[in-house]
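One structure below.
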Amino acid sequence: MDGGYYQRSSGPERERFVRAIWTVFFKDLSIETSGGGVFPAVAAFAVVIASVLHFTNVFPSAPAVTNAAPAVFWISTLFAATIAFERSFEVERKSEAIRMVLMSPVDRGAVFIGKTLANLFLLTAVQAVFVPVFALFFSLDVLPVLGPFAATVFAGTVGVAAVGTALSALSAQTSMKGAIFPVLLFPLLIPVLISASESLSAVLGGAPAGDFPRHMKALISFDFAFLAAGTLVYGYIIDDV
């Protein structure tokens, strides 16, 4: 692992770093669109969760729906993300695409950010399918609060993508990767999921609206912490894959 982006200050080095990020990003998206991707399965899984909770009528009253909706949304996103991260990295490992990346003189921090952006794009695409179904089934009027709703969903998804990207590479090195990944992922994401759920609850009216800025600040702080940590340690993780 080289010194990383944070130890560099020259313009050409920054340009190479940014170019590497976009190269990894588009490479991961090309795998997703070439038939080896997981988008259809993940989107269907998220919709099925919302459908089951709606048709089983587990939330009998409107206040109960409003209070439970943020947790249902993030639990569905988390399970969908678990499937997406595991399968996407495994497809890349089997195709030797990740080996080609590691053989090139690319900063490992740039690889992490590029893969995180690709996973963020995938999860955002899944949520673009899931949110209308979620709003319809739970009778939530999202349009009047679309701005804060989208900001909360994006900030929470950044944290999920950053942690999931780092841990999918780490768990791929173990013989129990299918079992170890959620064991590592879920505890680390607890602060992100709590802040994201509380923020979404404030947006949807299940909590005081004045709580929204406080929870968003906490959520953004977690995002920066996970992104910085992942950029710094990803080289140590990925070089043993």
Side-chain angles (χ1 to χ4, degrees), residues 25 28-29 32-33 37-88 116-165 185-186 189-207 209 211-213 215-216 218-220 222-223 226:
F25 172 75
D28 279 17
L29 287 190
E32 176 63 33
T33 57
V38 298
F39 173 79
V42 173
F45 180 77
V47 171
V48 166
I49 291 179
S51 304
V52 169
L53 291 175
H54 169 69
F55 289 111
T56 52
N57 198 27
V58 293
F59 307 117
S61 64
V65 169
T66 303
N67 291 331
V72 172
F73 179 85
W74 285 112
I75 289 173
S76 302
T77 297
L78 179 60
F79 283 134
T82 302
I83 297 173
F85 293 147
E86 274 192 300
R87 288 195 55 190
S88 64
T116 299
L117 286 175
N119 285 328
L120 177 63
F121 185 89
L122 171 62
L123 287 181
T124 302
V126 171
Q127 287 167 335
V129 175
F130 176 58
V131 167
V133 177
F134 170 79
L136 176 65
F137 283 173
F138 290 90
S139 302
L140 297 173
D141 191 6
V142 174
L143 289 180
V145 292
L146 187 58
F149 183 90
T152 299
V153 170
F154 180 77
T157 308
V158 168
V160 173
V163 178
T165 300
L185 180 67
F186 293 169
L189 280 179
I190 285 176
V192 171
L193 296 177
I194 290 176
S195 297
S197 296
E198 293 288 351
S199 181
L200 202 58
S201 180
V203 170
L204 295 175
D211 290 349
F212 175 72
H215 294 304
M216 276 299 289
L219 188 54
I220 292 171
F222 287 128
D223 287 348
F226 285 133

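Worth knowing before you read on, the calculation uses all heavy atoms, side chains too, and leaves out hydrogens, waters and symmetry mates. Sequence positions, counted from 1, serve as the residue numbers for this chain. Not measured: the values here are computed from a predicted model.
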Sorted by chain and number, sequence neighbours left out, side-chain contact (heavy atoms from CB on, under 4.5 Å) with L136 holds for none

What donor-acceptor contacts under 3.5 angstrom involve side-chain atoms of residues 146-155, with partners at least two apart or in another chain?
{"residue": "T152", "atom": "OG1", "partner": "P148", "partner atom": "O", "Å": "2.9"}
{"residue": "T152", "atom": "OG1", "partner": "S199", "partner atom": "OG", "Å": "3.1"}

Would you give me the side-chain donor-acceptor pairs under 3.5 Å for residues 122-135, sequence neighbours excluded?
{"residue": "T124", "atom": "OG1", "partner": "L120", "partner atom": "O", "Å": "2.7"}
{"residue": "Q127", "atom": "OE1", "partner": "T157", "partner atom": "OG1", "Å": "3.2"}
{"residue": "Q127", "atom": "NE2", "partner": "T157", "partner atom": "OG1", "Å": "3.0"}

Between L219 and V192, what is the shortest heavy-atom contact and its length? CD1-O, 3.6 Å

Heavy-atom nearest pair, G159 first then L189, reads O-CD2, 3.8 Å

Spacing of [X] atom [atom1] and [Y] atom [atom2] [to the nearest 0.5 Å]:
{"X": "T165", "Y": "F226", "atom1": "OG1", "atom2": "CZ", "value": "12.5 Å"}
{"X": "L200", "Y": "H215", "atom1": "CG", "atom2": "NE2", "value": "11.0 Å"}
{"X": "N119", "Y": "F25", "atom1": "CG", "atom2": "CZ", "value": "10.0 Å"}

With F212, which residues qualify under ring-ring contact (aromatic ring centres under 6.0 Å, His included), at least two apart? none

Enumerate, atom names and distances included, each donor-acceptor pair closer than 3.5 Å involving a side-chain atom of residues 70-79, sequence neighbours excluded.
{"residue": "W74", "atom": "NE1", "partner": "A196", "partner atom": "O", "Å": "3.4"}
{"residue": "S76", "atom": "OG", "partner": "V72", "partner atom": "O", "Å": "2.8"}
{"residue": "T77", "atom": "OG1", "partner": "F73", "partner atom": "O", "Å": "3.0"}

